[in-house]
Number of protein chains: 2
Amino acid sequence: MGVTTKDLARICGVSRATITRALYGTGSIREETRQRILDTAKELGYQPDLMARSLVMRKSRMIGAIVVDLRNQYFPKMIDAIEKRTKESSYMLNISLHEDDKEEEKKLIRAMVGYHADGLILNCINKDEEFENMLNHLGIPYVILGYKAFKNSHTVGVDEYEATRKGVEYILEKGYKELVFVVPPLYDADGIPNIGHEYRRRGFVDEAGKSGCRYTVIYGRDYLTQALDYMRTKAMSKPAFFCSGDTFAGDLINAFGQNGYLVPNDYGIMGYDKVGLYQNFTPKFTTVDNHVEQMGYAAADMLLDMIEGKEVPHDIKIPITIVEGQTL
Amino acid sequence: MGVTTKDLARICGVSRATITRALYGTGSIREETRQRILDTAKELGYQPDLMARSLVMRKSRMIGAIVVDLRNQYFPKMIDAIEKRTKESSYMLNISLHEDDKEEEKKLIRAMVGYHADGLILNCINKDEEFENMLNHLGIPYVILGYKAFKNSHTVGVDEYEATRKGVEYILEKGYKELVFVVPPLYDADGIPNIGHEYRRRGFVDEAGKSGCRYTVIYGRDYLTQALDYMRTKAMSKPAFFCSGDTFAGDLINAFGQNGYLVPNDYGIMGYDKVGLYQNFTPKFTTVDNHVEQMGYAAADMLLDMIEGKEVPHDIKIPITIVEGQTL
DNA sequence: TTGTATGCGTTATCAG
DNA sequence: CTGATAACGCATACAA
């Protein structure tokens, strides 16, 4: 479909080279023919074939983002930010989802390269050497979201250890003497640790340990049962639950509520990953804001710089802040 | 970058046509040379240039989805569904965001066409004739999410009128005699009505009117103030608030809570657009489930069929269901 | 079974 | 100022 430069050339009675000159102002051209070409181009609704252009230019002004899915607000928010930045630089953003499927992730990366993406932003689940090798032979720059999985990769993430440490500090400042860290299973199906949650756990354990207060870690799929059990049989004072994720915290508040435990009277709670989910509820939710949008902006800026051949730092850590609520 | 069929041909000492035959099994080829080519292709990490292929095939196996943004869960959920379906049919999904910018939307559509997208899924904000014209001259099929804005377009949506009507029926069954419909501003910046909310309003008014009970509609940005005012000065019995969106409902519950009004003791409330946001909270939220995933599946199926030249219905309406909670 | 020639729509180079 | 020609990487009809 669609009218091409060839058509325009035929219709305007000039060569295709002249058409290009008229359309993109390269080289010199008589003003009159330029106008005539531009007019007919507009009239006929000429649209350049970006594929053909990319083919010859070896640049597509397209950036690929491959993330797991859009289920919680984490990636949507980040992608919104990335998208704004790439748009500012007149790049098109191509988002694809690997759905936690390692083969799919590789396939998508190959597809992006096949479509001449100028750069990639990855939330990658593959961690092995073969994958690292693949990445380094892509021929285009890429930025990894989250953790530094590979030596040579560029990453944008959060210092989870430091963040959790600060979270514990904050809880202690509020006067709590008894801390419970709630975290999902730390290992995935292949036995590979979820590095983010693991760093958080360490941050918690180190800082809580240093304080000399009572603390414990609850993890596993049955964390709700375990937490309730803690509340019923183990708590010696009003405990603070520090949940490694707002969704867990939300579920916990709900489960506790159904069992007659109310926040912040009977217990304190703090989340992680502020994604705006529970920000409108009473009591206002205390959580760690890991600034997802900032991560998005940073990742996009980094990648755009890399595409333009600029020198960029290898790793960027976005500092967190604590959202003071009423649940502690 | 990357090795091409040309390179393979040179290295294997055959013509490029033979390479193609080896790679895609078209035509006949001696098994030995086939193996040899396949081996070297693998060794050298040959990846087809999808752009070049699309250019000659005039098919890209790529589908574009252009939506406003990913801010609330509505589009992320739908896109997840669309993505699953397109992936099943080995199409790649290219998601882009127009951020409520009419020019941007047109630009993105043109870009998708420029990238030889085989079809488009649109959450379009342009409503005028020029845009309709543009769509119909795209040369590729497209499906519009939401409302039938143009005569000839294919759409997947919800019968909002019917849905709201059913919602009112449900509320009345629960014994309420006093209904308040809460809806955001019904017109956008350009004075064009938000058709979805408008249909909902009509459904509410018609059904509530028919029942003979007391009812009113609250709309505008200050709906919280108005709702509180209603509660304080106008309510004659325990009213049911029917909010045209879960987020409004959430905010309302919160605002009422801060003013000492508790659900479901002091008032009833029902939402719309079940997006899973408040499903974990107590009391469990009563809302209208408009089955976003189903919309996604339907839209993807429809588009894929259209791409394959099949006959498809022009409009698909996804039936809603009511999620029975504890807020009524 | 294999090779040659042509074209997809664009941009770039080099003549004229 | 303009036109012819080649190239990007791939696929395919046709010839050998």
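To find a chain, count down the sequence lines: A is the first, B the second, and so on, and within it residues start at 1. The figures that follow rest on heavy atoms only: side chains count, while hydrogens, waters and symmetry mates do not.
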When the distance from [atom1] of [X] to [atom2] of [N] is rounded to whole Å, what number comes out?
{"X": "I29(A)", "N": "dT11(C)", "atom1": "CD1", "atom2": "P", "answer": "14 Å"}
{"X": "L8(A)", "N": "dT2(D)", "atom1": "CG", "atom2": "C1'", "answer": "16 Å"}
{"X": "I37(A)", "N": "dG3(D)", "atom1": "CD1", "atom2": "C1'", "answer": "12 Å"}
{"X": "E32(A)", "N": "dT2(D)", "atom1": "CD", "atom2": "C1'", "answer": "14 Å"}
{"X": "R30(A)", "N": "dG3(D)", "atom1": "CZ", "atom2": "P", "answer": "10 Å"}
{"X": "M51(A)", "N": "dG7(C)", "atom1": "CE", "atom2": "C1'", "answer": "17 Å"}
{"X": "H116(A)", "N": "dG9(D)", "atom1": "NE2", "atom2": "C1'", "answer": "8 Å"}

query: Do the side-chain N or O atoms of S15(A) get closer than 4.0 angstrom to the phosphate oxygens (OP1, OP2) of dT2(D)?
result: no
field: Phosphate-side-chain proximity, T18(A) and dT2(D), N/O vs OP1/OP2 below 4.0 Å
entry: no
query: Got a sec, which residues hit ring pair (Phe, Tyr, Trp, His ring centres under 6.0 Å) with H154(B), two or more places apart in sequence or on another chain?
result: H314(B)
- prompt: Reckon T33(A) touches a base, only the sugar-phosphate, or nothing at all at heavy-atom distances under 4.0 Å?
  reply: sugar-phosphate
- prompt: From K148(A) NZ over to T155(A) OG1, what is the distance, rounded to the nearest 0.5 angstrom?
  reply: 5.0 Å
With sequence neighbours left out, write down each residue that passes side chain to side chain donor-acceptor pair (under 3.5 Å) with [X], or none if nothing qualifies.
{"X": "R34(A)", "value": "E31(A)"}
{"X": "D69(A)", "value": "R71(A)"}
{"X": "E160(B)", "value": "Y147(B), R200(B), Y272(B)"}

message: Output one letter per nucleotide in nucleotides 10-16 of chain D: B when a protein non-hydrogen atom lies under 4.0 Å from the base, S when only the sugar-phosphate is that close, - when neither is.
response: BSB----
message: Salt bridge check, D7(A) against R10(A): does any charged N sit closer than 4.0 Å to a carboxylate O?
response: yes
Proximity to the side chain of S28(B) - top-ranked nucleotide from dT1(C), dG9(C), dG3(C): dT1(C)
- prompt: Which pairs count as salt bridge (charged side-chain N to carboxylate O under 4.0 Å, His left out) when at least one residue sits in residues 42-55 of chain B, sequence neighbours excluded?
  reply: none
